[in-house]
Amino acid sequence: MSFKSNYEIRAINKAVLCLCFEGLCHCRSVTVSGGPLLRVEGQPLSIRCDVSEYEGPREQDFEWTVTRGTETIKVISTFDDRFTDRSLQDRIRSDDISVSRLADNAIELRIQEARVSDSAIYRCSTPSTDSFISGNYEADVQLQVVPSSLIVAPDAPNPVVCEGRSIRLQCNVSRNFIEGIYLSLTWSFKKGSSLLEDLLTFGPDLGVTVGDDYMLRYTDGGMRLEMGNGVSHSLVLSRATPADQGMYVCTARLWMREQGIWNRIQEKTMEMGEVTVNSTDPDYTVVLSSSVNAKLSGDPTELECKVTNMSNLRSGRLGVSWLYRDIQPGDVPVSTHTIVSLDENGNLVPGKTYKSRVEAGLITVTRMEPYTFKLRLFRTTDADAGEYMCAIMAWVPSQHGNWKKVAEYVTPALKVSFANKRPVLGVVARRLREATAAGSTFEMSCQANIQNLPPGTAFSILILSEEAIGSPSRKLASLGPEMVLQLEDWGEPGRQDSLMLVKTGKRDFQFRIQAVQVTDRGFYSCEMKAWTKQPGEDWVEMAKGVSNKVQIAFTHKGPTFDLSISSDTTSVFPWETVKMECDVSVSGTSPTADDVAYEMKWFLSRLMGSNSASLLASMDRWGVVRKAPRNDNSDCSLERLGPRRFALNIHSTQDSDAGDYHCTATPWIRSTATGVWSKAPEVTSQRVFLNVKFALWDSMKLPLLYGICASVTVGVVSLVLGLVCAHCCCKTTTPTPRSHNKLMELEID
């Protein structure tokens, strides 16, 4: 067979050939679970098969066969229903043997009850879907199924144990020893219909694992493991308490370590017996009653929890927890919350939900001797209606010197509700005057319809507006229960006096907007609340209602504005000046220059394409200029070039001035009929990018010139000083003529 020049056949090993292209090899790979596999008769088992690096359809087919000696038997196929051998068809139909697809390229062979006769070599094969035979198309794994020999025969513990004595739990386990199979023992505990809870596990790696709730008891020596003669093993629980009574269970498991992971291959569980612990703890009964019932929201409620028939308390103490449970429609209880507790040391511990009310003194707990506890809600609200319970705990000194809870009794739930019906507050909004155009007046009324509210109830109102149904609402103005007007999000300069909210009746309010603007169009509603107040206390909300929506929807027939921006340059050097112009264009009926004014703003975004822009400067419609603080050496100025032309000048530009610039304009139009100014929607220009270059030569030429001049000057001065010094210090002298007389000979006596 011939191939193109870029293809080659490469031998990966003696049995696998791969197709390679430009150094990259493609080999089909079929893998099964690592073996050999050791399983126990009667237990379920599974063998996984995966294929990778294949061509063709995404979903691959598989076939399983077994080989015993020289005999090969077909087991199951994912694409051929007639593939199975006749001897295995009954097990296939009963789902004792089945195949489960885990992914497009992975399946799992499952046997529900393994048999000793299932021991064989299992082969997983995949039909070829490749354009060229490469890699391996089958994989084998050895399976050995051994007879089940695990026997668990625990000894029944003493059915009745006195508190403080020990409980011995002996579990007898026998099995045939098989190399590679390990044993683990687990002692478990179950109380009533609760889930099984593990106490201690020994093995399979000769280690001990203790349940989370029993770790402290194990480290203190209250639970110990006694290993016997290899068959009998005991777990001893010292200092038994009533919490130890229940059903004890012994579980034996066989394990095999495969590819570094412990795999459980058999498990047997036997009940050891039920143990009852006779308690010597305090015994008592608790009665919960309501001593004060709230008739209306805001009235006080008092509950009394009385402990009777007390015995065996000795030197112990009592603690109390007050619990609340809400009731959903249909008398369906939901989660339980702790209101407040008195612990064993007499400390007051508030619940998370009620902490603020407890700290404010609105919820108190008192103890009346000898064993009576009271819970008082000074202002009962609608949210307090529900079921209340009282839990009394008995504490005795422990051997470690601290307090140990030995008994707890929770009373049946006591339903608390208002004697009268729940208050209802409905609100209706009506349009009194419709705004038909910009500059007109809008009025609406808000009326409260009440039920089951006491006389003297005060009302508050909040006016809300929305641009469209479902959009976020904006708070405009409010009147509190003491009738104090507060402007919420109404912060437009010069329009504070155009909004009015007054109370016109006992439950009636009127809202007005004078000189309505285009930006005021939307949906308006009223939110009213009913309040009550006790002397010397704060206001308490009793009910709340929201009205229907009233729309301001006049048609704006004024001119349409657009805004454009331009720059005299898009790239400058530092310390140069840039000028950017913003031109406002008007389409439609154009007002005269005296009847329109513009509020201009310039913004800079230092990251190209970013939506986060900072305000540089603004000019309101009266021509007042405001500039944002700057941290660099550059400065900016604003200039009006014409009725609709405005300019931003940036002086002494710096690197920080580079970025995207844009401007916004808010037109204000004066009505020729009423003379009232109205605000038009804001328009935004496109963006223009300014680049500030780094002028290397311009920044270096002056220092270089100064350096050269200084060097030449210093050289000339040094030369002149040298010449002067040489002329002054080294004067010319007349040499002394040498004598021509001969030396006279000296005579020495």
Side-chain angles (χ1 to χ4, degrees), residues 15 30-50 64-73 75 88 91 96-97 108-124 136 138-155 169-188 198-210 225-235 249-270 272:
V30 178
T31 59
V32 294
S33 303
L37 303 178
L38 187 60
R39 297 295 183 266
V40 179
E41 180 185 12
Q43 300 297 314
L45 65 87
S46 62
I47 307 176
R48 180 181 176 124
C49 181
D50 296 81
W64 284 96
T65 59
V66 297
T67 302
R68 299 185 184 92
T70 60
E71 181 185 13
T72 299
I73 300 175
V75 181
L88 298 176
R91 298 181 68 181
D96 183 38
I97 299 178
E108 191 175 63
L109 176 66
R110 297 179 179 177
I111 301 178
Q112 298 298 328
E113 295 184 4
R115 303 177 183 178
V116 177
S117 59
D118 292 333
S119 300
I121 296 176
Y122 284 73
R123 171 168 293 177
C124 175
N136 67 306
E138 57 189 26
D140 299 342
V141 62
Q142 175 74 40
L143 172 65
Q144 181 183 0
V145 181
V146 298
S148 176
S149 61
L150 181 63
I151 299 175
V152 181
D155 293 344
L169 306 171
Q170 182 170 321
C171 188
N172 305 314
V173 180
S174 65
R175 65 182 178 96
N176 294 335
F177 176 78
I178 300 176
E179 186 177 359
I181 296 182
Y182 300 85
L183 174 70
S184 72
L185 284 178
T186 300
W187 284 266
S188 305
D198 291 344
L199 301 177
L200 182 141
T201 299
F202 172 73
D205 54 355
L206 301 180
V208 175
T209 304
V210 183
L225 178 65
E226 295 182 356
M227 305 301 297
N229 54 6
V231 176
S232 299
H233 311 280
S234 299
L235 180 67
V249 178
C250 176
T251 302
R253 299 181 178 91
L254 295 181
W255 302 80
M256 183 176 180
R257 195 169 183 86
E258 298 174 350
Q259 299 179 356
I261 300 175
W262 288 105
N263 184 25
R264 184 178 63 197
I265 60 176
Q266 190 177 9
E267 176 179 325
K268 279 192 177 181
T269 300
M270 296 292 293
M272 307 181 69

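Numbering starts at 1 and runs along the sequence shown.
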Checklist entry - Is there a side-chain contact between Arg257 and Asp205, using heavy atoms and a 4.5 Å cut-off? => result no
Next on the checklist: Quick check: do Leu150 and Val173 have side-chain heavy atoms less than 4.5 Å from each other?
Outcome noted: yes
Item to check | Intermediate values then yes/no, side-chain contact (heavy atoms from CB on, under 4.5 Å), Ile97 and Trp64 | outcome: CA-CA 11 Å; Ile97 299 178; Trp64 284 96; over 6 Å; no
Checklist entry - Which heavy atom in Met270 sits nearest to a heavy atom in Val152, and how many Å separate them? => result CG-O, 3.5 Å
Checklist outcome for this item: When rounded to the nearest 0.5 Å, the distance separating OG of Ser148 from CD of Gln43 is 6.5 Å
Checklist entry - Are Leu235 and Met272 close enough that some pair of their side-chain heavy atoms sits under 4.5 Å apart? => result no
Item to check | Residue pair Ile111, Arg91: steps toward the side-chain contact (heavy atoms from CB on, under 4.5 Å) verdict | outcome: CA-CA 9 Å; Ile111 301 178; Arg91 298 181 68 181; 3.6 Å; yes
Checklist entry - Of the non-hydrogen atoms in Gly203 and Ser184, which two are nearest, and what is the gap between them? => result C-CB, 3.7 Å
Checklist entry - Hey, what do you get for CG (Leu199) to OG1 (Thr209), rounding to the nearest 0.5 Å? => result 13.0 Å
Item to check | side chain to side chain contact (heavy atoms under 4.5 Å, CB included) partners for Ser119, two or more places apart | outcome: Gln144, Val145
Next on the checklist: Tell me the closest heavy-atom pair linking Val40 and Ala114, and the distance in Å.
Outcome noted: O-CB, 4.0 Å
Next on the checklist: Tell me the closest heavy-atom pair linking Ser149 and Asn176, and the distance in Å.
Outcome noted: OG-N, 2.9 Å
Checklist outcome for this item: Of Asn263, Val146, Leu254, the one forming a side chain to side chain contact (heavy atoms under 4.5 Å, CB included) with Leu38 is Val146
Next on the checklist: Closer than 4.0 angstrom, basic N to acidic O: yes or no for Arg48 and Glu108?
Outcome noted: no
Item to check | Minimum side-chain heavy-atom gap Trp187-Leu225 below 4.5 Å | outcome: yes
Next on the checklist: I want to check something: taking the side chain as every heavy atom from C-beta on, are Ile181 and Ile265 in contact at a cut-off of under 4.5 Å?
Outcome noted: yes
Checklist entry - So, Gln142 versus Asp140: side-chain donor-acceptor pair below 3.5 Å or not? => result no
Next on the checklist: Taking Glu138's backbone N and O only, do any of them form a donor-acceptor pair with Asn136's side chain (distance below 3.5 Å, no angle check)?
Outcome noted: yes
Checklist entry - Heavy-atom distance under 4.5 Å between the side chains of Tyr122 and Leu109, does that happen here? => result yes
Checklist entry - Please, which pairs that meet side chain to side chain donor-acceptor pair (under 3.5 Å) have at least one residue in residues 32-42, sequence neighbours excluded? => result Arg39-Glu258
Next on the checklist: Would the distance check show the side chain of Asp96 and the main-chain N or O of Glu113 forming a donor-acceptor pair, the cut-off being under 3.5 Å?
Outcome noted: yes
Checklist entry - Going by atom types only, do Arg253 and Thr186 share a side-chain donor-acceptor pair under 3.5 Å? => result yes
Item to check | Spatial distance of atom OG1 (Thr31) from atom CG (Asp50) [nearest 0.5 Å] | outcome: 4.5 Å
Checklist outcome for this item: In short, Pro36 meets Met256 closest at the heavy-atom pair O-CE, 3.7 Å
Checklist entry - Out of curiosity, Ile47 CD1 to Arg123 CZ, how far, rounded to the nearest 0.5 Å? => result 13.5 Å
Next on the checklist: For a quick test of reading the model, state the closest non-hydrogen atom pair linking Ala120 to Arg68 and the distance between them.
Outcome noted: CB-CG, 3.6 Å
Checklist outcome for this item: Residues at least two apart in sequence or cross-chain that pass side chain to side chain donor-acceptor pair (under 3.5 Å) with Thr65, listed by chain then number, are none
